[in-house]
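First the structure, in the form of structure tokens, and then the observations on it.
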2 protein chains.
Amino acid sequence: MDPVSTVHVAEFRRFNRYFTRRIGALDDHYLGQDRPLGEARLLFEIGEGVSLRELRTRLGLDAGYLSRMAKTLQAQGMVRISVHPGDSRLRMVELTRAGRIELDEQNRRADALAAGLLDGLTGPQRDRLTEAMSTAQRLLRLAGITVARVDGAAPDARACLDAYAADIDARFPEGFDKSDLVRPEEVSGNAGAFFVAYEEGRPVGCGALRRLEPRVGEIRHVWVHPDARRLGLARRILAALETEAAARRLAVLRLDTHASLTEARTMYLACGYTEIPPYVDHVYGDYWFEKRLTG
Amino acid sequence: MDPVSTVHVAEFRRFNRYFTRRIGALDDHYLGQDRPLGEARLLFEIGEGVSLRELRTRLGLDAGYLSRMAKTLQAQGMVRISVHPGDSRLRMVELTRAGRIELDEQNRRADALAAGLLDGLTGPQRDRLTEAMSTAQRLLRLAGITVARVDGAAPDARACLDAYAADIDARFPEGFDKSDLVRPEEVSGNAGAFFVAYEEGRPVGCGALRRLEPRVGEIRHVWVHPDARRLGLARRILAALETEAAARRLAVLRLDTHASLTEARTMYLACGYTEIPPYVDHVYGDYWFEKRLTG
DNA sequence: AGATTCATTTGACTAAAGTCAAAGATTATG
DNA sequence: CATAATCTTTGACTTTAGTCAAATGAATCT
């Protein structure tokens, strides 16, 4: 990939500085008006029952520190702490009614603050700001996602495939039978490869490459978690698969896709794939595509 | 102005949360790797010699706290502290060579961090991100600027007019004579009004309204500080002047502008002003405009 | 000239944030 | 089934951040 230009870095940092100084600081200040910021943040992160473990990793806190803060909140009647039903080492934290009220108040304040800020803009300006922010956020998210090769039998790989199966089972009118999924050995070693996309440590997408015949590969199970859609992640996964295919000296990549996945079809066309006659009799294949790899 | 929709507030807050958590936190963490954040920030704010007073107001710090931090940095050889030549109550702080080296290192790290983040995007995506960020920043800045009526003789008003005069003196081929500026009494009380735009407490623009004849007002000296241009601030000032004119039951607003100020001409046309024949013999007037106020 | 204001320094605090390690209770694993 | 790993709690800290008030020396106002 091309090196990052200093112009981009400078603009990024300029925005970064401006935003954290102007908005971040303000937000923190109003958020933690009646209690320490740490506690306020904690309260905010406890939705409908989280484990301390989850909070600890999510907020990157020291176990002892967190334990004490949770205890303080409990003493104030803001949260209820209970033992996790399945694993009694874990503690579950959930908001009490009082906690929920305080959180609502916190949100109300933050909303008022945001509204006060936006108040100085006209309607169209607000639209443009909203548009710019959502674009920036989408791109920042995409930038933070890494696509890594993992073993086809790895838990993350299987978790993705399970989610993929459940997802399309709900979308295909005829449902989806998991036996159609690639087997781990089909996407390991010489036979193929499996890629998982990670956002902040969590798998949010996948894609498989499988050897069909000499110099011909097949792409399967390109999937993106619903939370990570519309970021351009499928293309990133596809690019990773193509790079891998090129490294394996494959000349042609083929794939099929289901009639109900119109976005997928559009994407493959946009990525240089052309429609071809069926190359194999897949149960769920309605459209077949191929791309010749150059170089 | 129309009320702020919840959609805008929600998107604003979503971005806010995402950004501060993902980028802000990261930045702080890497910035203050070897020293407390407060000190790191201080080091960053000391450019080529600032007074403690300036730092104190800019960063909103307690005088004692700042004094001690500066002393720590001095003891570490990062800064030099000297007495202000003109006013020996003030202390000037400037970076030593070692301080500059550390600051460079800080910047290098932050740049590398930004570059690493942008690395996951393609060229066009980086362009779009940069574009979105600069749009967002422009609009956020604009949202934070307030336009307030001040007395025509107030120091802020005169400071703006002086800056305005210096600005156009440099732009007009024939220069500009300050005697053409409105006198304080022309824009006070019944005679007229003067508005100053403030960004974070600093005056960044102005505009004057002057009574020409019954029911007719004149707009003069609409000016925006070079640092605050391209935000749409002139329109905001103009809107404030028009609102004031409407409140005074003026039916017509007139103004003139110089040939060399092409952007101004475009703006007036876009804001509903139409060109008219000269209504008065101003020294620097090349184009004359008028707008009828409705309602 | 005397009073007032201003910028800074110093001493004496407090609260928040965070670290580290030991220990106890469970659960996973070879 | 013994051992290792995991999650949490507790005690004993440290550092950072920040506040408040009195004191000092200098500038400004009347």
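Letters A, B, ... mirror the listed sequences (proteins, then strands); counts begin at 1.
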Rounding to a whole Å, what distance do you find between [X]:[atom1] and [N]:[atom2]?
X: B:Ile81; N: C:dA7; atom1: CD1; atom2: P; result: 17 Å
X: A:Arg56; N: C:dG18; atom1: CZ; atom2: C1'; result: 15 Å
X: B:Leu90; N: C:dT5; atom1: CG; atom2: P; result: 18 Å
X: A:Gln74; N: D:dT8; atom1: CD; atom2: P; result: 14 Å
X: B:Leu37; N: C:dG18; atom1: CG; atom2: C1'; result: 14 Å
X: A:Glu54; N: D:dC7; atom1: CD; atom2: C1'; result: 14 Å
X: B:Met69; N: D:dA17; atom1: CE; atom2: C1'; result: 8 Å
X: A:Leu66; N: C:dA16; atom1: CG; atom2: P; result: 17 Å

Are side-chain heavy atoms of B:Ile23 and A:Phe19 found at a separation under 4.5 Å?
no
Hey, does B:Met92 have a side-chain heavy atom less than 4.5 Å from the side chain of B:Arg80?
no
Describe, in one word, how the ring planes of B:Tyr164 and B:Phe176 are oriented to each other, choosing from parallel (under 30°), tilted (30 to 60°) and perpendicular (over 60°).
perpendicular
Over all heavy atoms of both residues, which pair between B:Val196 and B:Val150 is shortest? Give the atoms and the distance, please.
CG2-CG2, 3.5 Å
Of the non-hydrogen atoms in A:Val4 and B:Ala115, which two are nearest, and what is the gap between them?
CG2-O, 3.5 Å
How would nucleotides 10-15 of chain D be written as a contact map, 5' to 3', with B for base contact, S for sugar-phosphate-only contact and - for no contact, using protein heavy atoms under 4.0 Å?
BBB---
Would you mind building the protein contact string for nucleotides 24-30 of chain C? One character per nucleotide, 5' to 3', B for base within reach (heavy atoms under 4.0 Å), S for sugar-phosphate only, - for untouched.
--BS---
Taking salt bridge (Lys or Arg N to Asp or Glu O under 4.0 Å) as the test, write out the residues that go with A:Asp87, two or more places apart.
A:Arg89
Taking B:Ser67 for the side chain and B:Ala63 for the main chain, is one N or O donor matched with an acceptor at less than 3.5 Å?
no
Given 3.5 Å as the limit, does a donor-acceptor pair link the side chain of B:Thr96 with the main chain of B:Gly77, or not?
yes
Closer than 4.0 Å, any side-chain N/O of A:Arg91 to the OP1 or OP2 of D:dT9?
yes
Mark yes when over 12 heavy atoms from residues, nucleotides or ligands other than A:Arg58 sit less than 6.0 Å from its CZ; otherwise mark no.
yes
